[in-house]
Visitor: 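Please find one structure pasted underneath; my questions will follow.
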Amino acid sequence: DKMKSDDVTECLCSSLAINCFQLGCCLHESPRCHCAHANDDWMNKLTAVSPDKKMRDLVIPGTHDSASVTISNWAPFSAVGLCQNVSVNQQLRRGARYLDLRVGGTTDSTLVDDTFICHGMLKGGLFPDVIEEVHQFLCDYPREFIILEVIYDPNKHEMSSEQRLRVLQLLSSTFDEMVTQEDVNSWFNLKNLTLGELEKKKKNILVLIDDRICNFSHEGTQYDLATVAREFGCHKNGIFLKNKWHNTANAQTLLRSNETFLEGACNNCDLFMNSQFVMTPQPPGGVSDVLGLLFGGKSLRPVSLARELYRKDVLETFIRDNADNRWNIVLLDFLDLCPQLVRFLIGLNSPKHLKIEQASVTSKDGGLLVMDVTETINQLKRRNCCLYLLDFKDDLKISLNEGILRLKAQFDDEETMDIEIPFDHDTEYLLCDL
């Protein structure tokens with residue numbers, strides 16, 4: 001009943017005939033399941049047990065159009081531009097360590113306080129306020145590390161030369177000693193960079209920019225990429241990061257395209273690899289598409305596409321079943337809608353081995369022993385450190401729709417855990433460290 005109600009609400013919110021201006025205030029989405037575990041200091045915890053872990057080998061949750069949440073819900077077509085539900089600070093607390101910020105301004109201003117977040121033509125909150133959110137998080141959690149990419153599109157919200165300079169100065173002054181600056185010419189080498197080294201050097205953030213924000217002159221000084229990197233610690237994104245925008249609203253096409261991207265790039269240890277699991281609304285291609293958009297059968301809202309992608313038999317099953325792939329940055333819309341997936345991604349980094357000594361399934365009343373599933377459960381472990389059950393009946397290859405799974409499990413030489421999990425067709429279960 002809840003699923004049917006959600007489908008009706010989704011149709012009404014997406015319908016151009018009803019929500020004709022696609023206002024963001026009509027967003028009504030909640031996660032399929034909740035995850036109470038905090039992810040605010042997962043890098044610190046990982047560094048403590050695995051200081052030699054290389055950054056290039058980490059699985060890092062990231063957010064797409066991270067600050068789009070600052071776009072007013074009442075702005076026309078805001079629902080088409082909104083890609084996150086929670087603040088940048090909250091995204092970081094929920095586990096994101098890569099942020100994608102889009103900045104714009106005006107040619108008739110020289111003030112950094114007149115720069116703002118944007119997504120296409122939509123304007124969001126003030127850019128300095130969002131940067132302060134990131135800074136505050138690093139002050140609260142000084143052993144975390146963030147990859148911050150700042151993108152500027154002069155065709156939408158052009159900034160004056162002085163305003164661009166002020167943005168670079170803001171980034172440099174806000175993060176100060178936290179930022180990697182000349183380090184990139186010495187020890188900060190992705191091929192060998194470890195968590196322990198970052199902690200030892202007390203570095204917390206890598207600021208990446210695209211070349212459109214550079215290459216300007218102010219008061220006789222030319223600010224090219226080399227000058228900006230040297231003076232402000234802001235580095236060209238292509239030197240450190242490989243991206244691919246897949247530009248599709250089809251979930252299966254997106255999954256296959258990301259797999260192909262990773263296969264072609266996974267052996268490049270000199271760059272962060274950004275796998276973009278982001279669905280892109282597409283313009284109508286014919287009469288049926290137009291009718292679908294009018295009456296809610298199709299949607300221009302990223303949240304509607306994310307809702308389809310985050311069905312447990314789509315993205316989460318794909319990531320789980322391909323967990324041994326060399327995922328690096330995993331870029332997501334609406335991080336709050338997939339908390340269990342984020343937790344799983346972080347858990348894949350654990351160096352602790354998960355041992356399942358015994359696993360059995362009984363009927364709900366506990367009276368009937370159905371089978372020993374120890375071998376099946378051990379086959380479902382990922383990277384030998386995580387267990388993620390999305391559909392108990394299918395995953396365990398049993399005939400019961402509901403019952404009780406009992407596990408005797410242990411991480412390395414820690415105390416053995418006796419775990420009892422009542423399940424039905426909706427139950428999901430994740431066991432991981434960190």
Visitor: When rounded to the nearest 0.5 angstrom, what is the spacing between SG in C338 and CZ in R94?
Guide: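 Between atom SG of C338 and atom CZ of R94 there are 10.0 Å.
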Visitor: Evaluate the criterion salt bridge (charged side-chain N to carboxylate O under 4.0 Å, His left out) for residue pair R382 and D321; output intermediate values, then yes/no.
Guide: CA-CA 8 Å; R382 294 297 179 258; D321 293 349; 3.6 Å; yes
Visitor: With rounding to the nearest 0.5 Å, note down the distance linking SG in C386 to CG in L348.
Guide: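 The CG atom of L348 is 4.5 Å from SG of C386, to the nearest 0.5 Å.
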Visitor: Answer yes or no: is there a donor N or O on one side and an acceptor on the other, between the side chain of H157 and the main chain of G120, under 3.5 Å?
Guide: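 Checked: pair present.
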Visitor: Calculate, to the nearest 0.5 Å, the distance between atoms CD1 and CG belonging to I239 and L190 respectively.
Guide: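 If I round to the nearest 0.5 Å, the distance is 11.0 Å.
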Visitor: Check whether any side-chain heavy atom of M55 lies under 4.5 Å from a side-chain heavy atom of M43, and answer yes or no.
Guide: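 Yes. Closest side-chain heavy atoms under 4.5 Å.
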Visitor: Given side chains that start at C-beta, do those of M417 and L407 come closer than 4.5 Å, heavy atoms only?
Guide: no
Visitor: Do F277 and L331 touch side chain to side chain, with heavy atoms closer than 4.5 Å?
Guide: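 A side-chain contact is absent here, since even the closest heavy-atom pair is not under 4.5 Å.
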Visitor: For the atom pair CG (D41) and CZ (R93), what is the distance rounded to the nearest 0.5 Å?
Guide: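 Answer for the CG-CZ pair, D41 versus R93, is 10.5 Å.
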Visitor: Distance alone, cut at 3.5 Å: any donor-acceptor contact between the side chains of Q282 and N247?
Guide: yes
Visitor: Any side-chain donor-acceptor pair under 3.5 Å between R343 and N39?
Guide: yes
Visitor: Could you tell me if T47 and E199 have a donor-acceptor pair between their side chains, going purely by distance under 3.5 Å?
Guide: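 E199 vs T47: no donor-acceptor pair found between side chains.
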Visitor: Using a distance-only test with no angle check, is there a side-chain donor-acceptor pair under 3.5 angstrom linking E149 and Y98?
Guide: yes
Visitor: Looking at M178 and C139, what are the two nearest heavy atoms and their distance?
Guide: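 Between these two residues, the closest heavy atoms are CE-SG, 4.1 Å.
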Visitor: Strictly distance-based, threshold 3.5 Å: is any side-chain N or O of T174 a donor or acceptor partner for the main-chain N or O of L171?
Guide: no
Visitor: Does any N or O in the side chain of N204 come within less than 3.5 Å of the main-chain N or O of P142, such that one atom is a donor and the other an acceptor?
Guide: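 Indeed, once roles are kept as given, a pair shorter than 3.5 Å links the two residues.
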Visitor: I'd like to check L396 versus I377 (side-chain heavy atoms, cut-off strictly below 4.5 Å). Are they in contact?
Guide: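 Yes, side chains in contact.
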Visitor: List the steps, then state whether salt bridge (charged side-chain N to carboxylate O under 4.0 Å, His left out) holds for E414 with K352.
Guide: CA-CA 10 Å; E414 296 177 3; K352 296 183 180 179; 2.5 Å; yes
Visitor: Angle class for the F392/F423 ring planes (parallel below 30°, perpendicular above 60°, tilted otherwise)?
Guide: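 Plane angle under 30°, so parallel.
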Visitor: Strictly below 4.0 Å, N to O, side chains only: are R97 and E144 in salt-bridge contact?
Guide: yes
Visitor: Can you check side chain to side chain contact (heavy atoms under 4.5 Å, CB included) on I356 and K408, steps first, answer last?
Guide: CA-CA 6 Å; I356 306 292; K408 192 176 287 291; over 6 Å; no
Visitor: Return yes if a side-chain donor-acceptor contact under 3.5 Å exists between H353 and D412, otherwise no.
Guide: no
Visitor: Just by distance, no angles: are the side chains of N237 and D210 close enough, under 3.5 Å, to form a donor-acceptor pair?
Guide: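 Checked: N237/D210 side chains show no N/O donor-acceptor pair below 3.5 Å.
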Visitor: K54 side chain to L195 main-chain N or O, any donor-acceptor pair under 3.5 Å?
Guide: no
Visitor: Looking only at side-chain N and O atoms, does Y141 offer a donor or acceptor that is under 3.5 Å from a partner on D40?
Guide: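 Y141 and D40 do have a side-chain donor-acceptor pair below 3.5 Å.
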Visitor: Check each of N274, T280, D333 against H64 using the side-chain hydrogen bond (donor to acceptor under 3.5 Å, both in side chains) test, and report the only one that passes.
Guide: D333
Visitor: Rounded to the nearest 0.5 Å, what separation is found between the CD atom of Q340 and the CG atom of L430?
Guide: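 Going from CD on Q340 over to CG on L430, the span is 5.0 Å.
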Visitor: Is a salt bridge present between D270 and K242, judged by a nitrogen-to-oxygen distance below 4.0 Å?
Guide: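 A salt bridge is absent here (no side-chain N lies under 4.0 Å from a carboxylate O).
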Visitor: Fit a plane to each ring of F261 and H246, take the angle between them on a 0 to 90° scale, and name the class: parallel (under 30°), tilted (30 to 60°) or perpendicular (over 60°).
Guide: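 The rings of F261 and H246 stand perpendicular, inter-plane angle above 60°.
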Visitor: Step by step, work out the salt bridge (charged side-chain N to carboxylate O under 4.0 Å, His left out) result for D100 and R102.
Guide: CA-CA 7 Å; D100 158 29; R102 315 293 175 93; 2.7 Å; yes
Visitor: Is a side-chain donor or acceptor of S68 paired with a backbone partner of D65 at a separation under 3.5 angstrom?
Guide: yes
Visitor: Taking the basic N atoms (NZ, or NE/NH1/NH2) and the acidic carboxylate oxygens, is any pair closer than 4.0 Å for D57 and R326?
Guide: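 Result for this pair is yes, salt bridge flagged.
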Visitor: Whether the T180 and D183 side chains hold a donor-acceptor pair (N or O, under 3.5 Å, no angle test) is what I'd like checked.
Guide: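 The criterion, which ignores hydrogens and geometry beyond distance, is not satisfied for D183 and T180.
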Visitor: Quick check against the 3.5 Å criterion: does T70 have a side-chain atom that pairs as donor or acceptor with the backbone of G125?
Guide: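 Present.
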Visitor: Side chain to side chain contact (heavy atoms under 4.5 Å, CB included) between S66 and Q91: does it pass, once the steps are laid out?
Guide: CA-CA 8 Å; S66 309; Q91 292 167 37; 3.5 Å; yes
Visitor: Let me know which of L315, T63, V278 forms a side-chain contact (heavy atoms from CB on, under 4.5 Å) with L332.
Guide: L315
Visitor: Can you confirm whether P128 sits close enough to T115 that some side-chain heavy atom of one is under 4.5 Å from a side-chain heavy atom of the other?
Guide: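 Result yes, sub-4.5 Å side-chain heavy-atom pair found.
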Visitor: What I'd like to find out is whether the side chain of R212 reaches to under 4.5 Å of the side chain of I151, using heavy atoms alone.
Guide: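 Yes, close enough: below the 4.5 Å cut-off.
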Visitor: Counting distance only, does the side-chain N/O of W327 pair as donor-acceptor with the main-chain N or O of N322 below 3.5 Å?
Guide: yes
Visitor: On a heavy-atom basis, which atom in H235 and which in A229 lie closest, and how many Å separate them?
Guide: ND1-CB, 3.6 Å
Visitor: Regarding R311 and D313, does a basic nitrogen lie under 4.0 Å from an acidic carboxylate oxygen?
Guide: yes
Visitor: So, do L389 and L387 sit near enough that their side-chain heavy atoms are less than 4.5 Å apart?
Guide: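 With C-beta onward as the side chain, the pair touches.
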Visitor: Flag the pair K236 and D211 as a salt bridge only when some basic side-chain nitrogen lies within less than 4.0 angstrom of an acidic carboxylate oxygen.
Guide: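 Looking at D211 together with K236, the answer is yes, because their closest N to O distance falls below 4.0 Å.
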Visitor: Side-chain donor-acceptor pair under 3.5 Å between D372 and T374, yes or no?
Guide: yes
Visitor: Say whether E316 and Y388, considering side chains only, have a donor N or O and an acceptor N or O under 3.5 Å apart.
Guide: yes
Visitor: Is the shortest heavy-atom distance from the side chain of I146 to the side chain of L138 under 4.5 Å?
Guide: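 Counting from C-beta outward, I146 and L138 do come under 4.5 Å.
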Visitor: Kindly compute the distance separating CD1 (I205) from NE2 (H135), expressed to the nearest 0.5 Å.
Guide: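 Between atom CD1 of I205 and atom NE2 of H135 there are 9.5 Å.
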